[in-house]
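We're numbering straight along the sequence, starting at 1. The structure displayed is predicted, hence computed values, not measured ones.
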Amino acid sequence: MAGHQNELVVKNTLLLYGRTLLSMFVGLFSSRVILASLGVENLGIYTLVGGVVSLFAFLNSALTKSTQRFISFELGKPGEKNRLNQIFSMAINIHALIAILLVIVTEISGLFLLYTTLDIPQGRTNAAFWVIQFSMVALVVNIMSMPFNGLIVAHEDMGSFAYIDLLSSILKLAAAYLLSFFNYDRLILYSVFILISTLIVRRVYTYICSKKYKESKYHFYWDKKLFVSMVSFSGWTLLSSISRIAKTQGVSVIYNIFYGVIANAAMGISRQVSSSISSFASNFTVVFFPRITKSYAAGDYNYTNKLIIFGSKISYMTLAVFIFPVIIERNYILHLWLKNVPTYTATFVVLDCLYILIINLTSTISISVRATGKVKKYEMILNTLNLLAILIFYLLFILNTPYYFPMAFLDMAQLITGIIGAIMASKIVGFSFKKYFLNVHLRQLVITAVALIPIFMIQLLMKENFLRLCASTIVFMVFMLLSFYFMGLSKDEKNAVNGVGRSFLYKLSRKNG
């Protein structure tokens, strides 16, 4: 593993860590403001109906991964990069076609669900209608901007990526605060403000690309072979996006059918917590995506395999240091954070957090498979299992199991699916599953157990209050990071971390000097 490449990965990871930490706190504070401004019922409607639009966003997600993969692969290949503009222009064409398709599908399917299936409180159907319309426009804006995002990620410009992520969080907080200055329907207004913030963020993305990357200038270009390659690649990764949306927004629809909008409000809060924390891992996955793809394209398979293990360990660690204190202190945190905590929220927080922790154990596995382009069998088998899990999830409601049991089942199903996926990926990419399992799953389990011992002692010795929350969080983070450094990192990985640390201290000493 090349030292310079290692240090670049660590540097980008730490850069996103700091920016994402700020974004997380801004996002969590926004949830408190949103709940106070909208109320439980309106928040439940927004979580549910806005989610209906997101049900159709999976097409965009799949194509975005395709764009990032093709651009990163081209950058990793030796020789001229003239084809970059052709790939980018073709991506714009494909996204335009998908935007038109999604508008049609959303209007038909979204409105059908609204007027025939969803449990919307009396008198709020018109507001829900406008939430769908504004959410759909925001979705189209996102679709047409994804090729620009893909360029930034492929070029590993994580500084721009991090600052724009922070800007997005601040704009959403501003949208929540602005509600208090208007007497009009706050649910509709909030949808409008979110749309405006989306337009601003996407404009920033496109502006940065136009200034930094000459290949971002669009020229109409059509290559049937390239079109088929990109859409075919997207078609198989589409299954992954479908199952992911089904496990998030689809789950909201099922809970709405059986428990109403109160459950949706609780789920909206719990997902704000889990998604704020998971943004750490998702941003770090962004760091590893272009690096793994480029190293595979260059034929450096040994480095690719090491990145797979290192990326999974980093993703898990960055989540665990926040998730376990939140789980253990969830009741106090929720009452400190929110004035009125919706029913079911504490349980959903635990199950959602565990779910994203399980997913990120195998965060770099799917990236490595997509780098090879051999996604057909992998996506078909894993996402068939995921869709089967959703079917069983629905049946558990029909069987009248406790409200938390179906969510707990999804957590366990995801763990099993992730292990099966790792076994399949080891054969496709060419790495040792045994080495992966020992270094990621078993070693991280031991590290977590060691770090949890002092936090459980604190729970026994101290009463529930703000001091205990601070003590639990700080002690767990310290023990987790130390255990991870000494027990979780290989020699090469430690050298990379040490190198970045020395570079930072050197720059700091020069500034002070």
Side-chain angles (χ1 to χ4, degrees), residues 40-41 43-58 105-106 108-122 124-125 128 131-132 238-275 341-359 379-421:
V40 173
E41 184 179 276
L43 178 60
I45 295 172
Y46 184 82
T47 301
L48 172 66
V49 179
V52 171
V53 175
S54 297
L55 280 169
F56 307 107
F58 56 78
V105 173
T106 301
I108 296 174
S109 302
L111 296 181
F112 174 79
L113 288 172
L114 175 63
Y115 291 109
T116 64
T117 305
L118 301 180
D119 179 16
I120 304 297
Q122 188 175 6
R124 302 302 293 151
T125 303
V131 170
I132 289 180
L238 176 63
L239 286 173
S240 177
S241 299
I242 291 174
S243 63
R244 187 174 296 111
I245 293 298
K247 285 184 176 180
T248 52
Q249 305 302 345
V251 165
S252 293
V253 173
I254 295 174
Y255 264 105
N256 174 260
I257 293 172
F258 287 90
Y259 290 94
V261 294
I262 299 300
N264 293 125
M267 189 166 290
I269 294 297
S270 69
R271 283 182 181 165
Q272 180 64 48
V273 174
S274 62
S275 64
V341 181
T343 309
Y344 314 126
T345 302
T347 303
F348 284 157
V349 165
V350 174
L351 295 173
D352 275 344
C353 285
L354 289 177
Y355 182 74
I356 61 170
L357 192 62
I358 292 169
I359 284 180
E379 297 289 359
M380 184 183 295
I381 293 177
L382 288 192
N383 292 293
T384 297
L385 293 175
N386 283 332
L387 294 176
L388 178 61
I390 291 297
L391 175 60
I392 297 174
F393 172 85
Y394 180 71
L395 291 176
L396 289 173
F397 279 94
I398 296 177
L399 294 174
N400 200 31
T401 59
Y403 75 93
Y404 56 83
F405 193 81
M407 288 284 286
F409 165 76
L410 285 184
D411 287 4
M412 184 58 65
Q414 182 58 46
L415 179 61
I416 296 171
T417 301
I419 293 174
I420 294 173

query: Are Y403 and T347 linked by a side-chain donor-acceptor pair shorter than 3.5 Å?
result: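 Yes - a donor-acceptor pair under 3.5 Å links their side chains.
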What is the minimum heavy-atom distance between [X] and [Y], and which atoms define it?
{"X": "L410", "Y": "A389", "value": "CD2-O, 4.0 Å"}
{"X": "M407", "Y": "F393", "value": "N-CE1, 3.9 Å"}
{"X": "T417", "Y": "L382", "value": "O-CD2, 3.7 Å"}
{"X": "T345", "Y": "S270", "value": "O-CB, 4.2 Å"}
{"X": "Y404", "Y": "L351", "value": "O-CD1, 3.5 Å"}

message: What verdict does the side chain to side chain contact (heavy atoms under 4.5 Å, CB included) test give for Q414 and N386, after you've listed the backbone C-alpha separation in whole Å, the side-chain angles of each residue and the deciding distance to 0.1 Å?
response: CA-CA 8 Å; Q414 182 58 46; N386 283 332; 3.9 Å; yes
task: Flag yes if more than 12 heavy atoms outside F409 fall under 6.0 Å of its CZ atom; otherwise flag no.
output: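 It does: F409 CZ has more than 12 such atoms within range.
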field: Whether over 12 other heavy atoms sit under 6.0 Å from F405 CZ
entry: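 Open: at most 12 neighbouring heavy atoms sit under 6.0 Å from CZ of F405.
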task: Quick one: do I356 and D352 satisfy side chain to side chain contact (heavy atoms under 4.5 Å, CB included)? Show the steps, please.
output: CA-CA 6 Å; I356 61 170; D352 275 344; 5.9 Å; no
Let me confirm one number: the [atom1]-[atom2] distance from [X] to [Y], rounded to the nearest 0.5 Å.
{"X": "I390", "Y": "L395", "atom1": "CD1", "atom2": "CG", "answer": "11.5 Å"}
{"X": "D411", "Y": "C353", "atom1": "CG", "atom2": "SG", "answer": "10.0 Å"}
{"X": "L415", "Y": "I359", "atom1": "CG", "atom2": "CD1", "answer": "11.5 Å"}

Check: F348 ring centroid to Y255 ring centroid under 6.0 Å: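 Between Y255 and F348, which both carry aromatic rings, the centre distance is below 6.0 Å.
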